[in-house]
Q: 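Starting off with a structure, shown below.
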Amino acid sequence: MGRSDLERLSREELIELVLRLQRPDKTSRTSSKPPATDRKERREQSKPGGAKPGHEGHSRVMSEDPDAVIDYRPDRCMCCCGDLHGDLPAELVSVSERIELPAVMPVVTQHRRLAVRCPTCGARVVAPVPEAARGTPFGPRLHAVATYLKTLQALSYERLQAALSDLFGMTLSQGGLMNLLCRAQGRFRTGRDAAVSTLRRAAVVASDETSVRIEGSNAYHWVFHAADAVVHAASPTRGAVVVREMMDGHRPAVWISDRYTAQQGHAAAHQTCLAHLARNVAYVVEVSDDPVPWRLQLWLRSVFALAERVTDLATSTLAAKRRSLDRQLGAILATSSRCDLTRDLQAKIGRARAQLLVFLAHPGTVEPTNNGSERLLRPCVVQRKVTNGYRAMWAAEGEAAIRTVVDTARLTGSSTFSTILKTVGA
């Protein structure tokens, strides 16, 4: 906008323009931007670190089955210098532990084939190739460790190569590591297919996606999860076709996601993430003097308070509260406002009005937010920031399969490395 354009504006239009320019930037508290994009406050304004007042302290639990126990007894009295022989009763005063990791070196087993000359006919008989000598020379635990460090700890090939060398004395080329990881990833296809099959029978499904670089192009990492399955998927597109291919015609009772169009229309009912709306409302409350956003913020707080005790209330009570909340929201949305941000917010919430309180009809099975999907995607975001994505689609799809099996196993309490080791060694 040039000077001549500004001169043609009315006084009210100029005031509106200045107010818009003075609006603060959006942060992770007032939008869906990640916390890493927030500007750091000055040190003197930041909160002190450490535990907050009233926080209950925690200490490391002593081992119930130590490998060795050493008792230290006094042998002479500090008062009279008398001998304290070993038969005297003693009481335990304190216990301390020293914990150390043993030096880990690779165990190399050579399998040698021998040939023997038959004394009867003179034929040279060679031993058959043992099963242990077929295929790769690397065992399942090495495959599991490399897979864990590369996928779950987001190490690059160079850093993984250095870690195996420094920690375990293993010397592998980056090409050898790539082949090793490719073999390991193939073991997770069966578990991934089982998780997808479970997802396609679920009554409630939540989903989300985040951007990632694959083969030098913009792509997306998707996550779908239900009560007993988590499925990760890599795709070059963010479109609804990814959801349709994943669900293969299955329509759950409820779908949980944000308001992104590609996430809509895949279930009988839809629960919009209220956490996203709460951040949008917080931004308008921060930059506007209009009372409507403040009323919306209070309304959301009452909804979140109800969500915390939704399983303790009767079905009839929840239905009555849902009707009451919907009437309150209708009155707020019908309130006229001169603030453009407020009007945009009213229109946005009005379009999703039927999707805001669906969780009240499914107490305990449908969450009011999509935070579960965001937590499952967070390690993928860390991996993207550390490694800058994937050089090949097979690597992205392979890591998605690994995360699928690992995250699904976590639902039943299985640890990450034990799941990887069990899968690779199967």
Side-chain angles (χ1 to χ4, degrees), residues 185-212 219-276 307 310-311 315 351-377 379-380 393 396-412 414 419 423:
Q185 288 174 357
R187 298 282 188 171
F188 290 84
R189 294 192 186 113
T190 302
R192 193 257 183 194
D193 293 341
V196 171
S197 178
T198 302
L199 183 74
R200 289 172 177 170
R201 298 190 301 269
V204 179
V205 176
S207 67
D208 202 356
E209 80 289 326
T210 186
S211 60
V212 66
Y220 296 90
H221 185 111
W222 288 75
V223 66
F224 304 84
H225 70 100
D228 48 2
V230 178
V231 178
H232 292 262
S235 174
T237 178
R238 196 189 180 196
V241 63
V242 180
V243 182
R244 290 194 292 268
E245 290 178 354
M246 177 60 64
M247 302 311 296
D248 193 28
H250 173 61
R251 286 180 62 83
V254 181
W255 195 277
I256 307 173
S257 73
D258 53 26
R259 291 174 293 104
Y260 178 51
T261 305
Q263 302 271 18
Q264 303 290 319
H266 303 294
H270 194 104
Q271 172 63 52
T272 288
C273 177
L274 298 184
H276 283 73
V310 67
T311 56
T315 303
R351 289 191 295 270
R353 181 175 176 179
Q355 302 177 353
L356 303 183
L357 302 174
V358 174
F359 74 97
L360 293 177
H362 307 269
T365 60
V366 175
E367 295 293 327
T369 71
N370 199 25
N371 290 342
S373 297
E374 294 183 350
R375 287 193 296 269
L376 290 168
L377 279 180
C380 308
M393 179 58 79
E397 293 174 343
E399 287 203 7
I402 294 171
R403 294 187 186 277
T404 294
V405 174
V406 168
D407 287 345
T408 299
R410 279 177 179 166
L411 297 177
T412 59
S414 299
T419 300
T423 304

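Counting begins at 1 with the first residue of the sequence. Quick caveat: nothing in here was measured; it's all calculated off a predicted structure. Note that these values count all heavy atoms, side chains included, but never hydrogens, waters or copies made by symmetry.
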Q: Donor-acceptor pair, Q271 side chain versus W255 backbone, under 3.5 Å?
A: no
Q: Could you list all the salt bridge (Lys or Arg N to Asp or Glu O under 4.0 Å) pairs where at least one residue sits in residues 249-261, not counting sequence neighbours?
A: none
Q: I'd like to know if the side chain of R189 reaches the main chain of Q185, judged simply by a donor and an acceptor atom lying under 3.5 Å from each other, with no hydrogens or angles considered.
A: no
Q: So how far is it from C273 SG to Q263 CD, rounded to the nearest 0.5 Å?
A: 11.0 Å
Q: Do the side chain of H266 and the main chain of A262 share a donor and acceptor less than 3.5 angstrom apart?
A: yes
Q: Which heavy atom in P252 sits nearest to a heavy atom in A267, and how many Å separate them?
A: O-CB, 3.2 Å
Q: Please check if the side chain of N370 supplies one atom and the backbone of T272 the other of a donor-acceptor pair under 3.5 Å.
A: no
Q: Run the salt bridge (Lys or Arg N to Asp or Glu O under 4.0 Å) test against R192 and tell me which residues pass, sequence neighbours left out.
A: none
Q: Going by ring pair (Phe, Tyr, Trp, His ring centres under 6.0 Å), name the residues that satisfy it together with H232, two or more places apart in sequence or in a different chain.
A: H221
Q: Just how far is it from atom CG of D193 to atom OG1 of T198, taken to the nearest 0.5 Å?
A: 11.0 Å
Q: Which pair of non-hydrogen atoms, one from A269 and one from V358, has the smallest distance, and what is that distance?
A: CB-CG1, 4.1 Å
Q: Are S207 and E209 close enough that some pair of their side-chain heavy atoms sits under 4.5 Å apart?
A: no
Q: I want to know whether Y220 and W222 have ring centres closer than 6.0 Å.
A: no
Q: Kindly compute the distance separating CD1 (I256) from CG (N371), expressed to the nearest 0.5 Å.
A: 10.5 Å
Q: Does V405 offer a backbone N or O that forms a donor-acceptor pair with the side chain of T408 under 3.5 Å?
A: no
Q: Does Q355 have more than 12 heavy atoms from other residues, nucleotides or ligands lying within 6.0 Å of its CD?
A: yes
Q: With salt bridge (Lys or Arg N to Asp or Glu O under 4.0 Å) as the rule and sequence neighbours excluded, what pairs involving residues 356-366 come up?
A: none
Q: Do the non-hydrogen side-chain atoms of V205 and M247 ever get within less than 4.5 Å of each other?
A: yes
Q: Can you name the closest pair of heavy atoms from A400 and A234 and give their distance?
A: CB-N, 4.2 Å
Q: If only atom types and distance count, is the side chain of T423 paired as donor or acceptor with the main-chain N or O of T419 below 3.5 Å?
A: yes
Q: Please find the pair of heavy atoms, one from A219 and one from S235, that lie closest to each other, and give the distance.
A: CB-O, 3.4 Å
Q: Please enumerate all residues that pass ring pair (Phe, Tyr, Trp, His ring centres under 6.0 Å) together with F359, with sequence neighbours excluded.
A: none
Q: If I compare all heavy atoms of L411 with all of A226, which pair ends up nearest, and what's the gap?
A: CD1-O, 4.3 Å
Q: With rounding to the nearest 0.5 angstrom, report the CG to CZ distance, L376 to R403.
A: 10.5 Å
Q: Side chain of Y260, backbone of R238: donor and acceptor closer than 3.5 Å?
A: yes
Q: Name all residues meeting the ring pair (Phe, Tyr, Trp, His ring centres under 6.0 Å) criterion together with H362; count only those two or more places apart in sequence or in a different chain, and write none if there are none.
A: none
Q: Any sub-3.5 Å donor-acceptor pair from R200's side-chain atoms to M246's backbone N or O?
A: yes
Q: Which heavy atom of A195 sits nearest to which heavy atom of T404, and what is that distance?
A: CB-CG2, 3.6 Å
Q: So how far is it from D208 CG to H225 NE2, rounded to the nearest 0.5 Å?
A: 8.5 Å
